[in-house]
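The structure appears right after this line, and notes come after that.
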2 protein chains.
Amino acid sequence: MIQITFGSASEKRGATPRAASRGASKAGRITDLDALDKIGNASINFSTVPQSGRSSLADIARLAGVSLATASRAMSNAYGVAPSTRARVLRIAEELDYVVSPEASRLARGAVGRVALVVPHVDRWFFGAVVSGLEAELSDAGMDVLLYHVGDADDRRDFFHRLPARRKVDAVVVVAFGVAEAEQRRLERMGVLIVAAGGQNAVYPSVHIDDGEAGRQAMDHLLFLGHRRIGMIAAVDPDEADRTGTTGRADAYFAALRDAGLPVDAGLAVTIDWSGVAAADAMATLLSRRHPPTAVYCHSDELALGAVRTIRRAGLRVPEDISVIGIDDHPLAELTDLTTVAQPARDQGVRTAHLLLALLRGQPTGRHVVVPTRLVIRRSTAPPTPAREG
Amino acid sequence: MIQITFGSASEKRGATPRAASRGASKAGRITDLDALDKIGNASINFSTVPQSGRSSLADIARLAGVSLATASRAMSNAYGVAPSTRARVLRIAEELDYVVSPEASRLARGAVGRVALVVPHVDRWFFGAVVSGLEAELSDAGMDVLLYHVGDADDRRDFFHRLPARRKVDAVVVVAFGVAEAEQRRLERMGVLIVAAGGQNAVYPSVHIDDGEAGRQAMDHLLFLGHRRIGMIAAVDPDEADRTGTTGRADAYFAALRDAGLPVDAGLAVTIDWSGVAAADAMATLLSRRHPPTAVYCHSDELALGAVRTIRRAGLRVPEDISVIGIDDHPLAELTDLTTVAQPARDQGVRTAHLLLALLRGQPTGRHVVVPTRLVIRRSTAPPTPAREG
DNA sequence: CTGTTAGCGCATTCAT
DNA sequence: ATGAATGCGCTAACAG
């Protein structure tokens with residue numbers, strides 16, 4: 001027979017039941033779900049649908065003819081209960097569609113099994129991808145994922161003031177943003193594990209790319225192609241001014257120029273916030289120089305696309321007249337033939353989750369994971385045209 | 001009357017404490033946080049950081065010289081407590097950095113104050129934007145937001161099998177995807193409110209655009225420009241075959257053609273999944289026709305960008321040789337000068353949250369909200385070139 | 001307005 | 001292996 005149970009308790013019980021259900025569901029999804037529906041109740045009418053979890057452990061215990069304690073053990077502990085008893089309890093629970101009350105369970109146990117994700121922009125690709133990776137691994141580990149979106153400075157201030165996740169989670173993941181010192185202290189008052197995903201953050205365990213290296217790969221590619229007058233469209237998060245930010249991408253620009261023995265033209269580096277349209281404007285600025293660059297290094301693909309738009313509108317071609325390179329390997333970079341330095345986004349989320357879980361379990365682990373980036377050459381970069389080099 | 005409130009008690013505490021802290025924060029964010037940190041403890045050393053919530057309501061009550069009940073009331077109820085008493089309790093709580101235990105509170109209260117977001121792709125712009133809107137409104141309302149990512153068919157099956165959110169939430173929001181009938185039955189067993197965001201879903205209260213109308217706007221624009229041979233790159237979610245899907249965008253294509261008295265060339269409509277690279281391939285297919293279209297209507301901006309890439313690689317120009325239109329108004333559509341039918345993404349999330357909250361409070365409300373779309377003309381569409389009309 | 005008293009549903013000692 | 005008894009921290013009657 002199909003032997004499935006749901007809810008938090010069942011999640012800890014080991015693989016047996018789920019394996020069984022998978023085995024029994026070869027027939028396909030729909031059929032499978034239908035079969036499940038038939039367990040315990042045939043009627044599907046909405047008003048008749050038994051609301052899961054309307055019964056308590058006590059009910060189960062009574063029906064199974066065991067004590068509350070035994071029922072509890074049967075539901076959660078791997079041993080300490082006779083196999084036959086356990087089976088009986090589980091069956092009853094199944095029939096009643098019983099689910100343990102997470103509130104009660106957690107209250108009694110003390111643990112919470114939840115983690116908070118603090119994200120500045122869920123709607124930007126990179127953040128979404130990181131969150132996606134985090135969610136997958138964390139929920140696989142049986143944890144619930146709470147989402148906190150701190151878009152603007154107000155959200156942010158409010159979050160750190162109120163710490164709404166306080167006492168609700170075992171850990172918090174700050175996704176790709178720097179945390180100011182004062183904010184750090186607030187965070188620490190939560191008394192929970194803190195890790196950073198996708199942002200260089202020395203104070204917390206973290207996984208991130210090496211921004212300096214990524215920038216260097218972009219710049220070196222441009223230099224290798226023969227460009228000597230390279231512009232930069234740099235971005236900073238307006239809220240990050242005083243934080244442990246990632247200036248690595250900007251530093252790389254100057255370092256690469258210096259190492260190549262090239263002069264730095266202050267007029268060729270413009271700093272904006274992370275906005276494509278701002279980048280478009282910035283590109284216009286660069287084109288207004290007496291000697292515009294033959295190539296532009298942008299801190300992200302989105303910025304790069306903004307630059308490309310302006311270049312095209314000016315009647316120039318990419319890459320024949322001006323080369324453009326970004327960082328990220330945004331999905332649309334492939335569609336827009338943009339050369340870029342790829343960073344694994346989802347993977348950073350996945351790894352952060354692993355780091356987090358290891359830390360939570362007290363397993364030994366490194367505090368920082370650096371994931372590699374790599375140059376992806378497409379059609380937005382090429383050697384400079386002699387005519388324009390002058 | 002129904003008198004429901006959500007969130008942990010401390011969140012409802014009224015404006016007094018927060019107002020006070022805000023009042024003291026005129027000096028700026030950092031200083032402000034510093035000030036907060038100083039309340040109750042001066043030492044910041046990590047090992048000395050008082051873990052918030054290590055004290056219980058009982059402690060507060062004792063220190064404030066009141067009973068547990070009064071302390072509880074002071075923390076959560078708006079009235080029934082003498083202002084002076086309440087102030088005292090609140091102050092003590094503040095000093096001890098006390099936070100109510102959500103588990104205990106919810107266990108005793110019965111309510112949960114949480115909602116689950118079920119999302120197929122957090123890393124795609126539209127979904128991220130909807131989630132962003134949902135999160136903002138829901139957390140403003142004091143609700144916690146649980147995220148469930150059901151990427152592929154396996155995730156999906158697993159979610160509906162296990163219903164991991166069972167008993168953990170007051171409501172679930174399915175973000176932009178159809179729910180098969182069998183899945184509906186599973187969902188309903190959760191016995192909670194279900195609403196749909198950003199997807200046409202007749203069975204649940206929902207907010208969405210009119211896909212047929214959106215498609216019609218795109219097609220009509222193309223027709224108005226004079227195009228007679230229009231291709232379509234249609235997309236369907238591979239997992240959505242048997243669900244209450246949105247075929248509206250595809251239907252609009254045929255309806256528009258019919259209304260314009262134009263013949264339908266089966267070879268000009270190709271259906272793929274929601275992938276830009278697949279769209280690029282599809283465009284190649286269209287270009288391989290004996291009479292390629294002079295304009296292409298794509299079900300999303302991402303698909304449109306894929307089409308544009310192929311067109312350009314073929315040495316043709318957009319829009320001179322072939323016009324391309326999408327749907328969404330993805331942020332990058334602006335940067336890539338793509339003409340499109342804009343749909344409000346974040347706003348759909350916001351409105352869904354409002355709908356959800358109203359429903360939860362038992363307030364009267366319509367079951368379905370349709371948000372408008374509008375044509376955004378950029379530079380990827382133009383009248384057909386006579387030479388190519390042949 | 002405030003204090004007393006029961007639970008909320010479950011996980012754990014202890015016993016047996 | 002199982003049962004009885006406590007307690008997790010808080011809220012909601014119910015008195016006073």
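Hydrogens, waters and symmetry mates play no part in the numbers below; they use all other heavy atoms, side chains included. In what follows, chains carry the letters A, B, and so on, assigned in the order in which the sequence lines appear, proteins first and then strands, with residues in each chain numbered from 1.
Taking CE of A:Met75 as the start and CZ of A:Arg86 as the end, the distance is 9.5 Å to the nearest 0.5 Å.
Remark: B:Ala58 engages B:Ser56 in a side-chain contact (heavy atoms from CB on, under 4.5 Å) (not counting sequence neighbours). With sequence neighbours excluded, the residues that form a side-chain contact (heavy atoms from CB on, under 4.5 Å) with A:Thr352 are A:Leu134, A:Val173, A:Val195, A:Ala197, A:Val207. Among residues two or more places apart in sequence or in another chain, the side-chain contact (heavy atoms from CB on, under 4.5 Å) test is passed with B:Thr70 by B:Val66, B:Ser67, B:Arg73, B:Val81, B:Thr85.
The separation between B:Arg109 atom CZ and D:dA13 atom C1' is 15 Å, rounded to whole Å. Following rounding to the nearest Å, A:Met75 (CE) and C:dT12 (C1') show an atom-to-atom distance of 17 Å. Taking atom CZ on B:Arg106 and atom C1' on D:dC10, their separation rounds to 13 Å, with Å as the unit. B:Glu103 has its CD atom 15 Å from the P atom of D:dC8, to the nearest Å. The CZ-C1' distance, from A:Arg167 to D:dC8, rounds to 10 Å in whole Å.
Remark: the backbone N or O of A:Pro102 is not paired with any side-chain donor or acceptor of B:Arg167 at under 3.5 angstrom. At least one donor-acceptor pair under 3.5 Å links the side chain of B:Arg367 to the backbone N or O of B:Val203.
Contacts of A:Leu107 with the nucleic acid, taken as non-hydrogen atoms under 4.0 Å apart, include base atoms.
Between A:Glu103 and B:Arg109 no salt bridge is recorded (no basic side-chain N to carboxylate O distance below 4.0 Å).
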Which pairs would a plain distance check flag for residues 353-364 of chain A, meaning a side-chain donor or acceptor within less than 3.5 Å of a matching protein atom at least two apart in sequence or in another chain?
| unit_1 | atom_1 | unit_2 | atom_2 | d |
| --- | --- | --- | --- | --- |
| A:His354 | NE2 | A:Glu137 | OE1 | 2.8 |

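Fit an axis to the five pairs at each end of the helix from C:dC1-D:dG16 to C:dT16-D:dA1 and the two axes sit 30° apart, to the nearest 10 degrees.
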Polar atom pairs (N or O), protein with nucleotides 1-4 of chain C, under 3.5 Å:
| unit_1 | atom_1 | unit_2 | atom_2 | d |
| --- | --- | --- | --- | --- |
| C:dT2 | OP1 | B:Thr85 | OG1 | 2.6 |
| C:dT2 | OP2 | B:Ala82 | N | 2.6 |
| C:dT2 | OP2 | B:Thr85 | OG1 | 3.1 |
| C:dG3 | OP2 | B:Ser67 | N | 2.8 |
| C:dG3 | OP2 | B:Ser67 | OG | 3.2 |
| C:dG3 | OP2 | B:Thr70 | OG1 | 2.8 |
| C:dG3 | N7 | B:Arg73 | NH2 | 2.8 |
| C:dG3 | O6 | B:Arg73 | NH1 | 3.2 |
| C:dG3 | O6 | B:Arg73 | NH2 | 3.3 |

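Distances shorter than 4.0 Å separate none of the side-chain N or O atoms of A:Ser105 from OP1 or OP2 on C:dC10.
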